[in-house]
Amino acid sequence: MLRARLVCAGRPLFRAQGAHAPNLVLARSRCTVEPKPPPKTRWQTMKDSWREHGLVFLGTYAAAYCTSFGAAWGAISFFDVDPIALLRYFGADGLVDTSKLSPRVANAFIAMTIADLLEPIRLPLVLFATPMISALRRRRG
């Protein structure tokens, strides 16, 4: 479906949808039909947020990542998961020599993997929270 909007003197008048959208009769010569821009990708949204909020975005993302990493490591430690047995269960002992691997390092790698799997949840929350944190920081001075 084609989407367009009627713009006169730089101001949108109404939106038109359907097959007849480009065949609109324009009332004034200053009026044009503009196609709707494509939706932004997640990467473009991150870049726009970085340009607008800078270090606040970076700090919010780092805090969210450290929180998810810490929560994963805390859960692994609290439930006393044996990381070496877990790596052997998933077949990673063929890739890594598990006899020389420290359980704390293995727990850190497992927690990092869990934190990375939470990225589809973490990134939208960071993109949502960053403008509010930035505005709060501006108000405080």
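Counting from 1, the numbers follow the sequence of the chain as shown.
- With a 4.5 Å cut-off on side-chain heavy atoms, V81 and I110 do not count as touching.
- With contacts defined as side-chain heavy-atom distances shorter than 4.5 Å, the pair F69/D116 does not qualify.
- No chain of hydrophobic side-chain contacts below 4.5 Å, direct or via other Ile, Leu, Val, Met, Phe, Trp or Tyr residues, connects W50 to V56.
- With a 4.5 Å cut-off on side-chain heavy atoms, L58 and L55 count as touching.
- Rounded to the nearest 0.5 Å, atoms CZ (F78) and CG (D80) are 10.5 Å apart.
- I84 and Y89 fall into different hydrophobic clusters, where Ile, Leu, Val, Met, Phe, Trp and Tyr residues are linked whenever their side-chain heavy atoms come under 4.5 Å apart, directly or through other members.
- Scanning all heavy atoms of the two residues, the minimum distance from P103 to P83 falls at O-CG, 3.5 Å.
- Put simply, the side chain of Y65 does not reach to within 4.5 Å of the side chain of L118, judged on heavy atoms.
- The CH2 atom of W73 lies 5.5 Å from the CZ atom of R104; values are rounded to the nearest 0.5 Å.
- Follow the hydrophobic side-chain contacts under 4.5 Å out from F90 and you never reach V96; the two are in separate clusters.
- Considering only heavy atoms from C-beta on, L127 comes within 4.5 Å of F57 through its side chain.
- How far OG of S134 is from CZ of R139: 10.5 Å, rounded to the nearest 0.5 Å.
- The CE atom of M132 sits 10.0 Å away from the OG1 atom of T60 when rounded to the nearest 0.5 Å.
- Side-chain N or O atoms of S49 include none that pairs as donor or acceptor with a backbone N or O of T45 at under 3.5 Å.
- No side-chain heavy atom of I76 sits under 4.5 Å from any side-chain heavy atom of L86.
- The structure places CG of L101 at 7.5 Å from CZ of F109, a figure rounded to the nearest 0.5 Å.
- Note that CD1 of I114 and CG of N107 are 9.5 Å apart. Values are rounded to the nearest 0.5 Å.
- Under a hydrophobic clustering in which Ile, Leu, Val, Met, Phe, Trp and Tyr are joined whenever their side-chain heavy atoms come within less than 4.5 Å, directly or via other members, F128 and L123 fall into different clusters.
- Side-chain contact annotation: H53 with T130, donor-acceptor N/O pair under 3.5 Å absent.
- Taking every heavy atom of both residues into account, A72 and A111 meet most closely at CB-O, 3.8 Å.
- Under the 4.5 Å side-chain heavy-atom criterion for grouping Ile, Leu, Val, Met, Phe, Trp and Tyr, L136 is not connected to V126 through any hydrophobic cluster.
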